[in-house]
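Here's the structure we're looking at; comments come further down.
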Amino acid sequence: MPKIIIIGSSIAGHTAAISLRQKNKDCEITLITDEPSPCYDKRKLPAYLAGGTKEKELYLVNADHYAGQNIKFLKERKVYGINTNRRLVYFKHEETRGNAEYDFLVICSGVKTTLPDIPGINKEGVIRLDSLNDFKQARKYLLSSDTVCFLGWNPWAQEIAKAITGQQKEVKAVTEQPVEGPAQMQHLEFINSKVTDIIGESGVQAIKLKEGKIIGASLVVVFDSPAKPAVDFLKDTDIELSGGGVCVDANLRTNLKNVFACGAAAGAQGLPDKTKNWDDVLNESVRLADNISQAIGGLNV
């Protein structure tokens with residue numbers, strides 16, 4: 001019985017797992033994630049932040065759904081290494097370490113925002129909004145914060161700003177480059193400058209600009225650093241990367257015939273990076289399942 005391990009339970013990993021099970025009843029599927037919950041709709045997270053959507057409304061399925069599909073769901077497991085020769089995935093849960101064997105490996109680990117090199121960047125109250133847990137933290141900080149500082153600006157920042165200003169919170173978006181044509185909204189101010197320090201004892205209390213101006217805030221959200229594929233666990237493998245992401249061909253296969261990738265962590269070799277939307281990832285994940293199913297049919301392991 002072929003063993004398939006999927007790393008990541010976002011829409012890419014979730015769809016790949018469900019599609020594979022629909023096409024193959026006689027294979028062992030394991031879905032590994034470092035998150036504490038099953039797949040959720042990231043498009044609804046700004047509404048969740050604003051209080052208009054409840055947490056239970058975010059989830060596409062519950063954990064029992066995977067068991068009903070005969071898919072092993074390993075949550076809160078951080079993958080820290082891959083042995084492609086022995087076909088093993090190494091992961092840890094709190095202080096406990098484990099491993100799992102695969103015939104086919106699917107990498108759907110998504111992206112993670114990198115933190116800029118600013119003094120104080122690791123203080124409590126500085127967050128990136130990559131996951132549901134990040135949004136839960138942000139909601140807690142918003143209860144005691146009237147002013148929120150954004151480091152940078154992008155389309156995701158605009159969605160978050162809409163949610164925060166809708167709660168009558170002030171947003172100060174600090175950008176080194178002038179912002180062109182953002183949606184106008186009350187309680188939003190753009191500051192053309194650079195943050196040189198994040199001030200506070202036990203947590204964030206203010207940011208300092210290069211001009212010396214200090215702005216009080218107990219929540220700082222990072223948007224100005226690019227989100228990079230979360231593939232640190234591949235650093236000691238022979239799986240080819242390009243621009244930090246996993247190189248795949250037209251069949252979403254890597255340079256190793258039994259390793260595939262899709263979603264935000266994967267990119268076509270030789271082509272410019274493209275931001276994939278929700279539907280792009282859905283379609284890609286279904287196509288990946290088709291390709292693995294064909295490989296299983298040919299016992300191409």
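Computed from a predicted structure; not experimentally measured. Nothing fancy with the numbering, it's 1 onward along the sequence.
Using cut-offs of 30° and 60° for the angle between ring planes, the Tyr66 and His14 rings count as perpendicular.
Counted by atom type alone, Thr33 and Ser9 present one or more donor-acceptor pairs between their side chains at under 3.5 Å. Using modelled atom types, one finds a donor on one side chain and an acceptor on the other under 3.5 Å when comparing Glu124 with Tyr141. Between Asp238 and Thr84, the side chains place a donor N or O and an acceptor N or O closer than 3.5 Å (distance only, hydrogens not considered).
Looking at Glu284 and Lys276, a side-chain N of the basic residue comes within less than 4.0 Å of a carboxylate O on the acidic one, giving a salt bridge. A salt bridge is absent between Arg87 and Glu101; no separation between the charged side-chain nitrogens and carboxylate oxygens falls under 4.0 Å. Using a cutoff of 4.0 Å between basic side-chain nitrogens and carboxylate oxygens, Lys136 and Glu55 are scored as salt-bridged.
Checked by atom type and distance alone, the side chain of Asn258 pairs as donor or acceptor with a backbone atom of Asp103 at under 3.5 Å. Under the 3.5 Å distance criterion, the side-chain polar atoms of Ser285 are left unmatched by any main-chain donor or acceptor of Ala16. Judged purely by atom type and a 3.5 angstrom limit, Arg21 uses its side chain to pair as donor or acceptor with the backbone of Gln69. With hydrogens and angles ignored, the 3.5 Å screen pairs no side-chain donor or acceptor of Asn24 with any backbone N or O of Cys27. With hydrogens and angles disregarded, a donor-acceptor distance shorter than 3.5 Å links the side chain of Lys169 to the backbone of Ser145. Between the Asp130 side chain and the Lys112 main chain, no donor and acceptor come within less than 3.5 Å of each other. Looking at Trp278, its side chain never comes within 3.5 Å of a backbone N or O of Asp41 through a donor-acceptor pair. For the pair Asn251 (side chain) and Arg253 (backbone), a donor-acceptor distance under 3.5 Å is absent. With hydrogens and angles disregarded, no donor-acceptor distance shorter than 3.5 Å links the side chain of Arg97 to the backbone of Phe91. Under the 3.5 Å distance criterion, the side-chain polar atoms of Asp197 are left unmatched by any main-chain donor or acceptor of Ile199.
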Test side chain to side chain donor-acceptor pair (under 3.5 Å) on Glu76 and His93 and set out the steps. CA-CA 6 Å; Glu76 297 181 287; His93 173 60; 5.0 Å; no
Derivation of the side-chain contact (heavy atoms from CB on, under 4.5 Å) call for Lys172 and Thr147: CA-CA 7 Å; Lys172 310 287 187 181; Thr147 301; 3.8 Å; yes
Worked verdict on Thr254 versus Phe260 for side-chain contact (heavy atoms from CB on, under 4.5 Å): CA-CA 5 Å; Thr254 71; Phe260 294 73; 5.7 Å; no
Stepwise side-chain contact (heavy atoms from CB on, under 4.5 Å) test for Ile7 and Ile82: CA-CA 11 Å; Ile7 300 175; Ile82 307 287; 3.9 Å; yes
Step-by-step side-chain contact (heavy atoms from CB on, under 4.5 Å) determination, Asn99 to Asn83: CA-CA 10 Å; Asn99 63 71; Asn83 187 323; over 6 Å; no
Audit row: Glu35, Tyr40, side chain to side chain donor-acceptor pair (under 3.5 Å) steps and yes/no: CA-CA 11 Å; Glu35 299 219 43; Tyr40 51 87; 2.7 Å; yes
If you look only at distance, which donor and acceptor atoms sit under 3.5 Å apart when one is on a side chain in residues 229-237 and the other is two or more places apart or in another chain?
| residue | atom | partner | partner atom | Å |
| --- | --- | --- | --- | --- |
| Thr237 | OG1 | Leu234 | O | 2.8 |
| Thr237 | OG1 | Ile239 | N | 3.2 |

List, one per line, each side-chain donor-acceptor pair under 3.5 Å for residues 203-212, sequence neighbours excluded.
| residue | atom | partner | partner atom | Å |
| --- | --- | --- | --- | --- |
| Glu211 | OE1 | Ser193 | OG | 2.6 |
| Glu211 | OE2 | Ser193 | OG | 3.1 |

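For the pair Arg139 and Tyr48, the distance from NZ or CZ to the six-membered ring centre is under 6.0 Å and the angle to the ring normal is within 45 degrees.
Residues Leu60 and Val281 fall within the same hydrophobic cluster, defined by Ile, Leu, Val, Met, Phe, Trp and Tyr side chains chained together at heavy-atom separations under 4.5 Å. Hydrophobic clustering (ILVMFWY, side-chain heavy atoms < 4.5 Å, transitive): Ile127 and Phe135 are in one cluster. The hydrophobic clustering, which links ILVMFWY residues whose side-chain heavy atoms are closer than 4.5 Å, places Leu132 and Leu49 together. Phe223 and Leu142 fall within the same hydrophobic cluster, defined by Ile, Leu, Val, Met, Phe, Trp and Tyr side-chain heavy atoms under 4.5 Å apart, directly or through other members.
No side-chain heavy atom of Val148 sits less than 4.5 Å from a side-chain heavy atom of Val220. Inter-residue side-chain proximity for Ile198 and Ile121 is flagged as met; some heavy-atom pair is nearer than 4.5 Å. Residues Asn255 and Cys247 fail the side-chain proximity criterion, which asks for heavy atoms closer than 4.5 Å. Using a 4.5 Å cut-off on side-chain heavy atoms (C-beta onward), Ile71 and Ile18 make contact. Gln168 has its side chain within reach of His187: a pair of non-hydrogen atoms, C-beta onward, lies under 4.5 Å apart. Using a 4.5 Å heavy-atom cutoff, the side chains of Tyr102 and Pro2 are not in contact. A 4.5 Å side-chain heavy-atom check between Asn291 and Arg287 finds at least one atom pair inside the cut-off. Annotation: side chain of Phe190 is in contact with side chain of Trp153 (closest heavy-atom distance under 4.5 Å).
In plain terms, the two heavy atoms of Ser37 and Phe73 that are nearest each other are O-CZ, 3.7 Å.
Asp290 pairs by the side-chain hydrogen bond (donor to acceptor under 3.5 Å, both in side chains) definition with Lys23, not counting sequence neighbours.
Partner of Ile5 under the side-chain contact (heavy atoms from CB on, under 4.5 Å) criterion, out of Leu74, Val106, Thr30, Leu31: Thr30 alone.
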